Amino acid sequence: MAFKSLILAITIMAVLSSMSHASDPSPLQDFCVAVDDTKNAVFVNGKFCKDPKLVVAEDFFKSGLNMPGNTSNNVGSAVTPVNVDNLPGLNTLGISLARIDYAPYGLNPPHTHPRGTEFLVVLEGTLYVGFVLSNPGPNMKNKLFTKILHPGDVFVFPIGLIHFQFNPGKTQAVAFAGLSSQNAGVITIANAVFGSDPPINDDVLAKAFQIENKVVDYLQSQFWWDNN
């Protein structure tokens with residue numbers, strides 16, 4: 001019985017420990033409104049804290065998410081983020097938000113958020129979404145999880161995993177995403193690999209993708225659109 005109690009205690013501690021690392025570190029104060037002025041400020045989570053006596057309601061407010069983003073681009077989607085960079089009251093709170101608009105057949109290309117799990121809810125239209133697991137064992141393929149989402153449906157993309165959303169319909173689609181970080185970051189795979197500055201060496205990419213160097217040159221010559 002004592003052994004089972006010990007195992008249960010260790011299990012609970014492991015779960016609580018994993019939960020504590022599920023988002024940004026917990027703040028040690030009520031808030032820390034981000035400010036660029038370093039006078040009379042404290043540096044926390046990559047931002048300086050505004051003097052609490054100078055904090056106002058507007059520091060915790062942002063409007064405009066009722067307005068659709070411009071999807072007239074190469075990928076047919078637009079991400080409108082709300083994070084610590086444009087809503088300073090989010091600093092140290094460990095959450096952020098984004099509105100995502102999709103033109104018909106628009107795509108939010110495969111990407112990752114290195115610092116946050118994403119929780120997506122569809123408001124309008126239909127989305128084909130999915131994510132790929134990290135590298136498995138030898139001679140095994142990365143497993144893909146996909147789902148067709150309709151208005152009111154939700155889907156979770158675990159932190160750091162490559163994921164995407166595609167609008168297969170003939171009408172616009174709209175979704176909102178919550179992220180478990182005040183600034184989850186984004187790495188769009190194609191942009192990072194073929195659009196880096198300076199470019200990644202041709203031989204590296206040719207060998208990695210098992211393609212000819214001229215194909216690498218062609219891909220690197222393309223304009224890789226950033227929909228964020």
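Any value given below was found using the heavy atoms of this structure, including those in side chains, with hydrogens, waters and symmetry copies removed. What you see is a predicted model, and the numbers here were worked out from it, not measured in a lab.
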Query raised in the report: What orientation do W224 and F194 show, parallel under 30°, tilted 30 to 60°, or perpendicular over 60°?
Result: parallel
Atom of [X], atom of [Y] and distance for their closest heavy-atom approach:
{"X": "P151", "Y": "G125", "answer": "CD-O, 3.2 Å"}
{"X": "V193", "Y": "I200", "answer": "O-CD1, 3.5 Å"}
{"X": "T71", "Y": "D101", "answer": "CG2-O, 3.5 Å"}
{"X": "L127", "Y": "P168", "answer": "CA-CD, 4.1 Å"}
{"X": "L65", "Y": "R99", "answer": "O-NH1, 2.7 Å"}
{"X": "N213", "Y": "A206", "answer": "OD1-CB, 3.4 Å"}

Between [Y] and [X], is there a side-chain heavy-atom distance shorter than 4.5 Å?
{"X": "H113", "Y": "L179", "result": "yes"}
{"X": "P158", "Y": "F131", "result": "yes"}
{"X": "V129", "Y": "T146", "result": "no"}
{"X": "N83", "Y": "N86", "result": "yes"}
{"X": "L161", "Y": "L133", "result": "yes"}
{"X": "L107", "Y": "S77", "result": "no"}
{"X": "V82", "Y": "S96", "result": "no"}
{"X": "D153", "Y": "V121", "result": "no"}

Requested in this report: Look at atom OH of Y218 and say whether more than 12 heavy atoms of other residues, nucleotides or ligands are closer to it than 6.0 Å.
Outcome: no
Query - Chi angles and distances behind the ring-ring contact (aromatic ring centres under 6.0 Å, His included) call for F166, Y128 - result: CA-CA 5 Å; F166 175 69; Y128 168 66; 7.1 Å; no
Query raised in the report: Just how far is it from atom CG of L54 to atom CG of D59, taken to the nearest 0.5 Å?
Result: 9.5 Å
Query raised in the report: Taking atom OG of S180 and atom CD1 of I159, what is their separation to the nearest 0.5 Å?
Result: 5.5 Å
Could you verify whether a donor N or O on one side chain and an acceptor N or O on the other, from [X] and [Y], lie under 3.5 Å apart?
{"X": "Q182", "Y": "N91", "result": "yes"}
{"X": "N191", "Y": "D226", "result": "no"}
{"X": "Y102", "Y": "Q165", "result": "yes"}
{"X": "N73", "Y": "N227", "result": "no"}

Does [X] reach the main-chain N or O of [Y] with its side chain, forming a donor-acceptor pair under 3.5 Å?
{"X": "Q210", "Y": "K207", "result": "yes"}
{"X": "T188", "Y": "A190", "result": "no"}
{"X": "N167", "Y": "A103", "result": "yes"}
{"X": "S181", "Y": "G116", "result": "no"}

Query raised in the report: side-chain contact (heavy atoms from CB on, under 4.5 Å) between L149 and L120: does it pass, once the steps are laid out?
Result: CA-CA 10 Å; L149 304 184; L120 187 83; 4.1 Å; yes
**Report entry** Sole candidate of K214, E212, Q220 that passes side-chain contact (heavy atoms from CB on, under 4.5 Å) when paired with V216
**Finding:** Q220
Report task. May I ask you to check whether F155 and F157 place their ring centers less than 6.0 Å from one another? Result -> yes
Report task. Begin with the C-alpha distance, continue with both residues' side-chain angles, and end with the deciding distance and a verdict on side-chain contact (heavy atoms from CB on, under 4.5 Å) for T112 and I189. Result -> CA-CA 8 Å; T112 72; I189 306 305; 4.1 Å; yes
